[in-house]
Amino acid sequence: MDIHIYDTKQRRKRRFEPITPDHVKIYVCGPTVYDRIHIGNGLSAVVFDVLVRVLRSVFPNVTYVRNITDVDDKINARALELGIPIHDLTHECTVALHEDFDALGVLLPDVEPRATGHIEEITTMISSLIQQGHAYEAEGHVLFHVPSDPNYGSLTNKSLEDLIDGARVEVAPYKRDPKDFVLWKPSSSELPGWESPWGRGRPGWHIECSAMIREHLGNEIDIHGGGNDLAFPHHENEMAQSGCFTNNPDYVKYWIHNGMLNLGAEKMSKSLGNIQTVQALLREHSGETLRYAILSGHYRQSLKWDDELIAQSERSLTSLYQALRNSQPLVGDSATSEAYAATKSVELPEEVLVPLCDDLNTPRALAGMHELASRLNLSTDVEEATALRDQLLGAGWLLGLLTRSVADFFTQDANMAEAEIDRLIEQRTAAKAAKQYDRADQIRAELLANGIAIEDTTDGTIWKVVKQ
RNA sequence: GGCUGGGUGGCAGAGUGGCCAUGCUGCAGACUGCAACUCUGUUUACGCCGGUUCGAUUCCGACCCCAGCCUCCA
């Protein structure tokens with residue numbers, strides 16, 4: 001199966017051919033840990049999680065590295081504000097990050113490197129860039145000299161003239177060129193710092209990724225991902241550093257950027273303050289519903305995030321589970337998509353895999369899942385229904401959905417004890433048999449008042465929890 | 001101003017030179033004691049103006065709007 005992905009640098013969809021077919025290498029920029037992540041951060045994690053799942057289903061060996069930025073001036077400021085040690089803050093936020101990602105069904109990467117664990121690699125690269133004439137020391141800082149890189153701007157299609165000098169960049173007096181950016185900066189004694197040839201200091205933002213990519217994946221990688229707000233300046237600068245270091249500006253074969261999540265017409269961002277944390281959303285909705293909502297739009301498009309989207313996603317997801325549930329009398333209890341992954345009982349369904357391989361078209365993939373669900377609902381043949389059920393679970397595995405058992409999905413968190421529910425259902429069944437419909441309806445209403453909805457099937461009456 | 005990406009039916013959101021996206025919602029029908037679930041059907045959809053074409057939502061050109069990046073940001 002060919003995979004095509006949109007490459008930011010070449011601004012076109014390209015067929016994905018790994019540098020070495022037996023080992024795909026992908027690096028994604030994770031968040032800076034100084035607060036709870038918001039759902040926009042979650043979107044990025046989910047998107048690349050699906051990409052990695054798809055890659056793994058096509059290629060035998062994929063190494064996925066997703067970093068954590070744990071040295072940053074915003075972290076320092078936040079720790080000061082809270083009056084706690086910097087390390088405590090980054091540690092707490094990292095634990096919280098893992099909780100939130102896990103709730104969204106995001107699998108752990110193979111390696112999750114931290115900036116603070118790679119200071120030596122960082123200083124090594126900086127020294128080399130100085131030696132090669134791409135960087136210089138000035139007043140305790142080390143700066144990358146942008147005009148020294150003939151390829152600068154080629155990722156985001158900017159000419160040096162376009163970057164209006166001094167317009168919005170900090171013009172420090174020690175900069176040779178206003179576009180020059182920091183590789184290393186001095187730390188006062190109360191700030192985190194490491195000894196270096198240029199004195200005690202800390203790395204600039206961009207160099208950590210260059211160093212961690214090299215350390216964990218080597219000088220060349222297949223895919224580098226992140227939010228499209230990172231394309232400039234972060235990835236452009238990183239490309240300048242790594243490209244100049246190895247003298248290979250194409251050290252990343254494919255650049256992939258996800259679109260932003262919008263609240264109303266505006267991007268959700270910490271600086272605008274219009275954020276919804278994953279933690280807060282999880283109080284009202286399942287992580288799986290949030291994940292469905294994220295996947296309901298194409299990853300490169302901006303996604304309008306609102307209550308209606310979540311509500312629609314919840315209903316759509318329920319209809320998929322409903323198909324599994326409806327098939328149970330015929331094919332037995334359904335496993336979860338994770339159980340499918342363990343057995344791989346059937347081939348992954350084309351109506352889902354094909355759109356995913358076409359630049360991660362998750363809306364079409366979801367349409368494919370609904371198509372399978374619809375056919376499953378119509379099927380009366382055990383063999384066919386079993387295959388459809390397994391295909392649906394396989395699709396769920398690819399998208400990170402259908403992770404709960406049918407029983408968990410429909411009957412968890414009931415307000416009534418199951419024995420009590422069963423007792424009432426028995427009474428209703430008896431009432432129905434005696435044609436005492438007023439009594440039957442009365443019992444049904446009583447259950448519904450407690451958030452329990454009833455469905456009569458040819459195999460008897462079943463129930464599910466509904467939101468009240 | 002420069003560089004990206006958009007404007008699709010009640011809502012969300014794919015996609016294509018002529019044929020059903022899909023989901024949710026509404027309406028009608030089947031099933032049901034009635035419901036629920038499921039199934040079936042269903043509402044002049046493609047920003048505006050030109051052009052190419054037998055035919056354009058899809059290609060080309062102009063225009064109008066929207067968002068993102070150019071400063072930290074997924």
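Here is how names work: the chains are called A, B, and so on, in the same order as the sequence lines, proteins then strands, and each is numbered from 1.
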If the P atom of B:G47 is compared with that of B:U58, how far apart are they to the nearest Å?
8 Å
Given Watson-Crick or G-U pairs with both distances under 3.5 Å, what dot-bracket string fits RNA chain B, with | for other-strand pairs and [ ] for crossing?
(((((((..(((.....[...))).(((((.......)))))....(.(((..]....))).))))))))....
Length of the CZ-P vector between A:R300 and B:G5, whole Å:
8 Å
Residue set satisfying ring-ring contact (aromatic ring centres under 6.0 Å, His included) with A:H145, at least two apart, ordered chain then number -> A:Y136
Any side-chain heavy-atom pair of A:R12 and A:D7 under 4.5 Å:
no
Of all the heavy-atom pairs spanning A:L104 and A:G42, show the shortest one and how long it is.
CD1-CA, 3.7 Å
Applying a 4.0 Å non-hydrogen cut-off, can you work out what A:A231 is touching in the nucleic acid: base, sugar-phosphate, or nothing?
nothing
Parallel, tilted or perpendicular for A:H370 and A:Y292, by the 30°/60° rule?
perpendicular
May I ask you to say what A:L378 touches in the nucleic acid, namely base, sugar-phosphate or nothing, with a heavy-atom cut-off under 4.0 Å?
sugar-phosphate
Contacts to RNA chain B from residues 394-415 of chain A, heavy-atom cutoff under 4.0 Å, which residues?
none
In short, salt bridge (charged side-chain N to carboxylate O under 4.0 Å, His left out) pairs touching residues 63-72 of chain A with sequence neighbours left out are A:R66-A:E112, A:D72-A:K74
Just call it for A:L309: base, sugar-phosphate, or nothing, with non-hydrogen atoms closer than 4.0 Å on any strand.
sugar-phosphate
Touch class at under 4.0 angstrom, heavy-atom based, for A:R375 against every strand present:
nothing
RNA chain B nearest-nucleotide lookup for A:Y437 and A:S159: closer to the 5′ end is A:S159
Which pairs pass salt bridge (charged side-chain N to carboxylate O under 4.0 Å, His left out) with one or both residues in residues 316-330 of chain A, sequence neighbours excluded?
A:R325-A:E455
Does B:G5 have OP1 or OP2 under 4.0 Å away from a side-chain N or O of A:Y6?
yes
Over all strands shown, is A:S374 touching base, sugar-phosphate only, or nothing at heavy-atom distances under 4.0 angstrom?
sugar-phosphate
For A:L372 and B:U22, give me the distance from atom CG to atom C1', rounded to whole Å.
12 Å
Restricting to side-chain hydrogen bond (donor to acceptor under 3.5 Å, both in side chains), what partner residues turn up for A:R15, sequence neighbours left out?
A:D2, A:E17
Hey, does A:Y321 reach any base, or is it just sugar-phosphate, or nothing, if we go heavy atoms under 4.0 Å?
nothing
Atom-pair distance (CD on A:E308; C1' on B:U25), nearest Å:
8 Å
In residues 441-451 of chain A, what residues come within less than 4.0 Å of RNA chain B, judged by heavy atoms?
A:D441, A:R444
Rounded to the nearest angstrom, tell me the gap between atom NE2 in A:H257 and atom P in B:G68.
17 Å
Using atom C1' in both nucleotides, what's the gap between B:A56 and B:C19 to the nearest angstrom?
15 Å
If you look at every strand shown and take non-hydrogen atoms under 4.0 Å, does A:G297 touch a base, only sugar-phosphate, or nothing?
sugar-phosphate
Euclidean distance for C1', B:G9 against B:U22 (whole angstrom)
13 Å
Salt bridge (charged side-chain N to carboxylate O under 4.0 Å, His left out) filter on A:R300, not counting sequence neighbours, yields A:D359
Anything under 30° is parallel, anything over 60° is perpendicular, the rest tilted; go ahead and classify A:Y152 against A:F232.
perpendicular
Students often mix this up, so state it plainly: with edges at 30° and 60°, are the rings of A:F144 and A:F181 parallel, tilted or perpendicular?
parallel
What pairs with A:W305 under side-chain hydrogen bond (donor to acceptor under 3.5 Å, both in side chains), at least two apart in sequence or on another chain?
A:Q276
For a quick check of understanding: with a heavy-atom distance under 4.0 Å over all strands, which category does A:K158 fall into, base, sugar-phosphate or nothing?
base
In residues 352-364 of chain A, what residues come within less than 4.0 Å of RNA chain B, judged by heavy atoms?
A:N361, A:P363, A:R364
Reckon A:K432 has a side-chain N or O less than 4.0 Å from the OP1 or OP2 of B:U32?
no
Which part of the nucleic acid does A:N326 contact within heavy-atom distance under 4.0 Å: base, sugar-phosphate only, or nothing?
sugar-phosphate
By side-chain contact (heavy atoms from CB on, under 4.5 Å) - contacts of A:D110 (at least two apart)
A:R56, A:T63, A:Y64
Start at the 5' end of RNA chain B and walk down; is the nucleotide closest to A:T156 or to A:L230 reached first?
A:T156
In short, salt bridge (charged side-chain N to carboxylate O under 4.0 Å, His left out) pairs touching residues 39-52 of chain A with sequence neighbours left out are A:D49-A:R53, A:D49-A:R291
Contact class for A:S313 (heavy atom, under 4.0 Å): base, sugar-phosphate, or nothing?
nothing
Can you establish whether the number of heavy atoms outside A:H98 located under 6.0 Å from its atom NE2 is more than 12?
yes
Hey, does the Lys NZ or Arg CZ of A:K270 hover above the aromatic six-ring of A:Y34, less than 6.0 Å from the centre and inside 45° of the axis?
yes
